[in-house]
Amino acid sequence: MTYDPNLIFQSLDQHVVVFIAIGSLAMVFNYLYFYFAAQAARRDKVPTFPLACTTIWFAHDLSFVLMFDQWFNVYDHWYVKLFWVALIPTTLIELGYIYQTYLYGKKEILPNGSQKAYLAFVALSVLAGLVGWYSLKQFLDDPIYAYTFGSTGFMAPVFVLAKMARRGDAKGQSEKVWAAYTAMQLTWFSCPILFFGPAFREPWYLIMAATSVAGGLILTGLCIRMRRPSTNAHGVLAGS
């Protein structure tokens with residue numbers, strides 16, 4: 001993908017109120033999504049997200065936060081400055097997810113290893129995420145992260161659906177997590193499609209947006225179904 005950041009900034013300057021309204025909703029849903037995910041992990045004592053997701057998200061958001069000079073002195077535009085502020089809490093929350101994975105994930109990830117070996121595995125996974133992201137970033141023509149904000153979120157349903165299929169349950173998940181995710185992706189993808197220019201209206205980008213929303217809806221439905229108490233033929237709760 002190729003785009004001109006200055007053309008995006010010009011478009012955003014012409015639609016400030018609408019963009020900030022939709023973008024603010026997206027961030028509210030993002031924080032709700034993260035909060036409900038941490039809540040579900042704590043409730044069931046299992047990580048909500050696979051370590052591959054959280055390490056990449058952490059590396060992505062941390063890299064944006066560390067590029068303070070780029071946003072405030074090079075581009076010097078309100079859009080990237082606001083995103084810098086918004087990503088500080090998400091980076092800290094993602095670090096919290098990594099800690100939750102350390103607390104709750106050993107049985108699933110490294111059941112036969114020692115606690116020290118598991119800690120080393122988690123630490124190396126974080127390092128691998130940082131190296132992987134920074135390596136990938138060198139090849140992406142995405143100077144203001146306009147593409148990767150959506151694409152990193154796109155990962156979540158794929159990884160979590162695989163995790164749920166493997167486990168056969170919805171532990172660490174909830175319908176609130178994925179309803180918030182769906183709303184977040186719907187509002188966020190609306191912003192690039194409406195305001196970022198033709199490159200963000202290409203079929204492949206629209207398909208990614210639609211797939212993200214569909215994945216969120218599917219997971220919302222699955223969580224409702226898998227958490228619903230089963231009943232016998234007489235309508236009595238199983239185990240009653």
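Quick note: residue numbers are just sequence positions, from 1.
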Distance-only donor-acceptor check, side chains N6 and Y75, under 3.5 Å: no
F72 CZ: over 12 foreign heavy atoms closer than 6.0 Å: yes
Y134, OH atom: more than 12 neighbouring heavy atoms under 6.0 Å: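 For Y134, atom OH is crowded (more than 12 foreign heavy atoms under 6.0 Å).
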Distance in Å, [X] [atom1] paired with [Y] [atom2], rounded so as to fall on 0.5 Å steps:
X: I93; Y: I88; atom1: CD1; atom2: CD1; answer: 12.0 Å
X: C191; Y: F149; atom1: SG; atom2: CZ; answer: 11.5 Å
X: I56; Y: M155; atom1: CD1; atom2: CE; answer: 5.5 Å
X: L140; Y: S151; atom1: CG; atom2: OG; answer: 7.5 Å
X: L124; Y: L119; atom1: CG; atom2: CG; answer: 9.5 Å
X: Y3; Y: D142; atom1: OH; atom2: CG; answer: 3.5 Å

Taking the side chain as C-beta and beyond, is there a heavy-atom pair between [X] and [Y] under 4.5 Å?
X: I109; Y: V122; result: no
X: S174; Y: Q39; result: no
X: V177; Y: L219; result: no
X: Y104; Y: D44; result: no
X: T90; Y: W57; result: no
X: Y205; Y: Y147; result: yes
X: F200; Y: I8; result: yes
X: L95; Y: T91; result: no

Do the ring planes of [X] and [Y] sit parallel (below 30°), tilted (30 to 60°) or perpendicular (above 60°)?
X: Y118; Y: F121; answer: parallel
X: H15; Y: F195; answer: tilted
X: W178; Y: F49; answer: perpendicular
X: Y145; Y: H60; answer: perpendicular

Closest approach of [X] to [Y] (non-hydrogen atoms, all atoms of both residues):
X: G105; Y: P47; answer: CA-CG, 3.8 Å
X: C53; Y: A156; answer: SG-CA, 4.2 Å
X: A199; Y: T2; answer: CB-O, 3.8 Å
X: F159; Y: A52; answer: CE2-CB, 3.8 Å
X: G129; Y: A59; answer: O-CB, 3.5 Å
X: A146; Y: W188; answer: O-CZ2, 4.4 Å

Stepwise salt bridge (charged side-chain N to carboxylate O under 4.0 Å, His left out) test for E108 and K171: CA-CA 12 Å; E108 183 176 27; K171 288 181 180 177; over 6 Å; no
Check for a donor-acceptor pair, side chain of [X] on one end and backbone N or O of [Y] on the other, with a separation under 3.5 Å.
X: T48; Y: A37; result: yes
X: W71; Y: F64; result: yes
X: Y97; Y: F34; result: yes
X: R201; Y: L194; result: yes
X: K106; Y: L103; result: no
X: T54; Y: L51; result: yes

ring-ring contact (aromatic ring centres under 6.0 Å, His included) between Y33 and F29, intermediate numbers included: CA-CA 6 Å; Y33 167 53; F29 289 129; over 10 Å; no
Evaluation steps, side chain to side chain contact (heavy atoms under 4.5 Å, CB included), between W133 and L62: CA-CA 10 Å; W133 165 250; L62 179 64; over 6 Å; no
Stepwise side chain to side chain contact (heavy atoms under 4.5 Å, CB included) test for Y31 and M184: CA-CA 9 Å; Y31 294 139; M184 174 191 70; over 6 Å; no
F83/M27 under side chain to side chain contact (heavy atoms under 4.5 Å, CB included): CA gap, chis, key distance, verdict: CA-CA 10 Å; F83 250 117; M27 289 312 301; 4.2 Å; yes
Hphob cluster co-occupancy, I207 + F154, side-chain heavy atoms under 4.5 angstrom: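 In one cluster: no.
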